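Single-structure report; data block below.
Just so it is clear, the model here is predicted, and its values are computed rather than measured. Side chains included, hydrogens not; waters and symmetry mates left out as well; all remaining heavy atoms used.
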Amino acid sequence: MIFVKAEELKTGMRLAKPVYNKTGVMLYERDSKLTPQGIVSIQNFGLIGVYVLEPAEPVPPMSEDDVEFERFQAMAVFSIKEILDDVSKQKEPEQLYQFANQIVKNYGALDHKINFIQNLRSVEDYVYKHSLNTALLCAMMAKQMNVEFKKQLDLVVAAILHDIGTLLIPVLLRRKTELERTEEDLKKINTYYVAAYQMFSRDYALEAGVKLILAVAMRRIFQVGGKSDELEKRHVREVEILRTAYMFDQLTAMNIQEEPASDVMALRFLLDPNNGYDQETVQALINSINILEPGVCVELTTGDRGLVIAPGVTNVLEPYILSFRDNQIYNMGDPSVSEKMQIKDIMKTMDNRHVMGKDMLDEYSGDVLHMGEHLDKKNY
């Protein structure tokens, strides 16, 4: 499965994930081949890109959990859109707590890990889907950290609302990449985050716990509102969960800047102490979603490839690998193995063909021969 930007799609490519229209109706199922009309439709939807299967790649199996998670994402985005649109217009969102309760009920009480399936996004719906996924992760991580129900609910509500500042930014400005944004653009963007921070700081109809989580989280994520040592000490655990969920989704979701990072690369970033994420909270994320589970293909730092056959015992990034090169099993948690090779990333492609440029092909090609002709000895 590979990510392909909308403008680079080609006829015949097979979809790895279904495509829904803006009313939640499935237009294209998994394994559907793209037609010229289909490509135009995807581009008209404003999708940043889609995930496609490689020519020889089979359709990945989906468990009941996977199907339900994907269905919930597709339908819940309409509820969260209505809520966030009301909040951005400073109207009281009637369904906010009902929706947050639904998330906590469905995903805040799980007793097992799930596959965290990223959804397809456009510039217009990015904030809604990002906020939804962040809230889902927060619910699961809070369960792992034994956060009591009231604080778990406050956290999920804060996760739903935390990115209102981005939603306030005009779409044309949101479409610009970081390289395209001018100094004036950056100043404008900051004013929208400040406006969102002030919106929640005022006497807004929110629970006190939600307002406190938002105040600290928005300070730390968007650098707005200054710094308050007294405020920073409160709801530390919930703020760390929100920050970690926010960053994991930001790294692994499709965006207009660059290709999304794999779960492995995102996890490495969060596990690096230099990046300032609480390691107990990151462990709660690891305990909530499947990462490097058996069946995943990986690239190694030696250039070889392999298949995960058993999860790591003490470190999720150190599973047992069956090497495709020598058919040997390697325990990546064994120091004698890890000093020679590590997991570089999840395998991005299953295509082993070498790409050869036309110039190189011409350089190493001999004269053209027709049936019955012979080369002179000087040409041997």
- prompt: Quick one: do E68 and R71 make a salt bridge, cutoff under 4.0 Å?
  reply: yes
query: Do the rings of F69 and F116 sit parallel, tilted or perpendicular, given the 30° and 60° boundaries?
result: tilted
- request: Determine whether R202 and Q90 make a side-chain contact, defined as any pair of heavy atoms from C-beta on separated by less than 4.5 Å.
  value: yes
statement: So the salt bridge (charged side-chain N to carboxylate O under 4.0 Å, His left out) pairs with at least one residue in residues 25-35 (sequence neighbours excluded) are R14-D31
query: In terms of heavy-atom contacts, does CD of E82 have more than 12 from other residues, nucleotides or ligands at under 6.0 Å?
result: no
- line: Shortest non-hydrogen pair, K344 vs M265, comes out as O-SD, 3.6 Å
statement: Interatomic distance, CD@Q43 vs CG@L9, rounded to 0.5 Å, equals 6.5 Å
message: Taking D125 first and then K81, would you say they form a salt bridge - that is, a charged N and a carboxylate O separated by under 4.0 Å?
response: no
Test item: K151 and L155 side chains (from C-beta on) under 4.5 Å apart, heavy atoms: no
- request: Check whether any side-chain heavy atom of I346 lies under 4.5 Å from a side-chain heavy atom of C297, and answer yes or no.
  value: no
task: Just say parallel, tilted or perpendicular for the rings of F222 and H162, cut-offs at 30° and 60°.
output: parallel
message: What I'd like to find out is whether the side chain of L214 reaches to under 4.5 Å of the side chain of L206, using heavy atoms alone.
response: yes
statement: In short, E293 meets P311 closest at the heavy-atom pair OE2-CB, 4.5 Å
task: Nearest 0.5 Å please: distance from the CD atom of E94 over to the CD1 atom of I83.
output: 10.5 Å
task: State, without any angle test, whether Q118 and D249 hold a side-chain donor-acceptor pair at a distance under 3.5 Å.
output: yes
Pair V224-R219, side chain to side chain contact (heavy atoms under 4.5 Å, CB included): steps then yes or no: CA-CA 5 Å; V224 294; R219 287 167 185 262; 5.6 Å; no
query: Hey, quick one: are V4 and V59 part of the same hydrophobic cluster, counting side-chain heavy atoms closer than 4.5 Å, chains of contacts allowed?
result: no
task: Verify the cluster assignment for V40 and V52: are they in a single hydrophobic cluster under the rule of side-chain heavy atoms below 4.5 Å apart?
output: no
message: Would you compute the distance between atom CZ of F3 and atom OG of S262 and round it to the nearest 0.5 angstrom?
response: 14.0 Å
query: Would you say L53 and I39 are hydrophobically clustered, going by side-chain heavy atoms of ILVMFWY under 4.5 Å?
result: no
Those residues that, when tested against R268, pass salt bridge (charged side-chain N to carboxylate O under 4.0 Å, His left out) (two or more places apart): none
query: Which atom pair, heavy atoms only, marks the closest approach of G38 to Y28?
result: CA-OH, 3.2 Å
- request: Check for a donor-acceptor pair, side chain of Q198 on one end and backbone N or O of A195 on the other, with a separation under 3.5 Å.
  value: no
message: Could you tell me if R305 sits above the aromatic ring of F324, with its cationic atom closer than 6.0 Å to the ring centre and no more than 45 degrees from the axis?
response: no
task: Decide yes or no for L34 and T11: does some side-chain heavy atom of the first lie under 4.5 Å from some side-chain heavy atom of the second?
output: no
query: Are the side chain of S201 and the backbone of Y197 linked by a donor-acceptor contact shorter than 3.5 Å?
result: yes
Approximate separation, where rounding is to 0.5 Å, of L270 CG and N275 CG: 8.0 Å
query: Just wondering, do D345 and V298 contact through their side chains at under 4.5 Å, heavy atoms?
result: no
query: Linking I/L/V/M/F/W/Y whenever any side-chain heavy atoms sit under 4.5 Å apart, do M341 and I343 land together?
result: yes
- prompt: Which residue pairs satisfy the salt bridge (charged side-chain N to carboxylate O under 4.0 Å, His left out) criterion with at least one member in residues 315-340, sequence neighbours excluded?
  reply: D304-R325
query: In Å and rounded to the nearest 0.5 Å, what is the CZ to CG distance from F200 to L161?
result: 4.5 Å
task: Report yes if the distance between the aromatic ring centroids of F78 and Y128 is under 6.0 Å, otherwise no.
output: no
- prompt: Looking just at side-chain N and O atoms, do T166 and D163 make a donor-acceptor pair shorter than 3.5 Å?
  reply: yes
- request: Show the numbers, then the answer: is there a side chain to side chain contact (heavy atoms under 4.5 Å, CB included) between V194 and N190?
  value: CA-CA 6 Å; V194 171; N190 186 63; 3.8 Å; yes
message: Can you give me the closest heavy-atom contact between A139 and V156, atom names plus distance?
response: CB-CG2, 3.9 Å
task: Only pairs at least two apart or in different chains count here, so list each side-chain hydrogen bond (donor to acceptor under 3.5 Å, both in side chains) that has a residue in residues 136-150.
output: K150-D154
message: How long is the straight-line distance from CD of Q250 back to CZ of F269, given to the nearest 0.5 Å?
response: 11.0 Å
field: D66 side chain to S63 backbone, donor-acceptor under 3.5 Å
entry: yes
query: Is a donor on one side and an acceptor on the other found under 3.5 Å between the side chain of N315 and the backbone of L317?
result: yes
- request: Examine R243 relative to Y277 and say whether NZ or CZ is less than 6.0 Å from the centre of the six-membered ring and inside a 45° cone about the ring axis.
  value: yes
message: Is it the case that atom CD in E7 sees more than 12 heavy atoms from other parts of the structure closer than 6.0 Å?
response: yes
- prompt: Checking side chain to side chain contact (heavy atoms under 4.5 Å, CB included) for the pair I241/V147: CA distance, chi angles, key distance, verdict?
  reply: CA-CA 11 Å; I241 293 173; V147 176; 4.2 Å; yes
query: Heavy atoms, side chains only, cut-off 4.5 Å: are Y51 and M254 in contact?
result: yes
For A159 against C138, the heavy-atom pair lying closest together: CB-SG, 3.9 Å
Other residues, nucleotides, ligands: >12 heavy atoms within 6.0 Å of E280 CD: no
message: Before you tell me yes or no, could you show the steps for D85 and S88 under side-chain hydrogen bond (donor to acceptor under 3.5 Å, both in side chains), namely the whole-Å CA-CA distance, both residues' side-chain angles and the distance that decides it to 0.1 Å?
response: CA-CA 5 Å; D85 286 348; S88 65; 4.6 Å; no
query: K176 and D185: which non-hydrogen atoms are nearest, and at how many Å?
result: NZ-OD2, 3.0 Å
N-O pairing of E124 and K129 below 4.0 Å: no
- request: Kindly write out the residues that satisfy side chain to side chain donor-acceptor pair (under 3.5 Å) with Q73, not counting sequence neighbours, or none if the list is empty.
  value: N133
- prompt: L307 and V296: side chain to side chain contact (heavy atoms under 4.5 Å, CB included), yes or no, with the steps?
  reply: CA-CA 6 Å; L307 176 74; V296 174; over 6 Å; no
For a quick test of your reading: what N or O donor-acceptor pairs under 3.5 Å do the side chains of residues 100-114 make, sequence neighbours left out?
unit_1, atom_1, unit_2, atom_2, d
N101, ND2, Y97, O, 3.2
H112, NE2, D65, OD2, 2.7
K113, NZ, I286, O, 3.2

Validation row: R174, L167 side chains within 4.5 angstrom (heavy atoms): yes
task: Tell me, yes or no, whether the heavy-atom count around E178 atom CD, taken from other residues, nucleotides or ligands under 6.0 Å, exceeds 12.
output: no
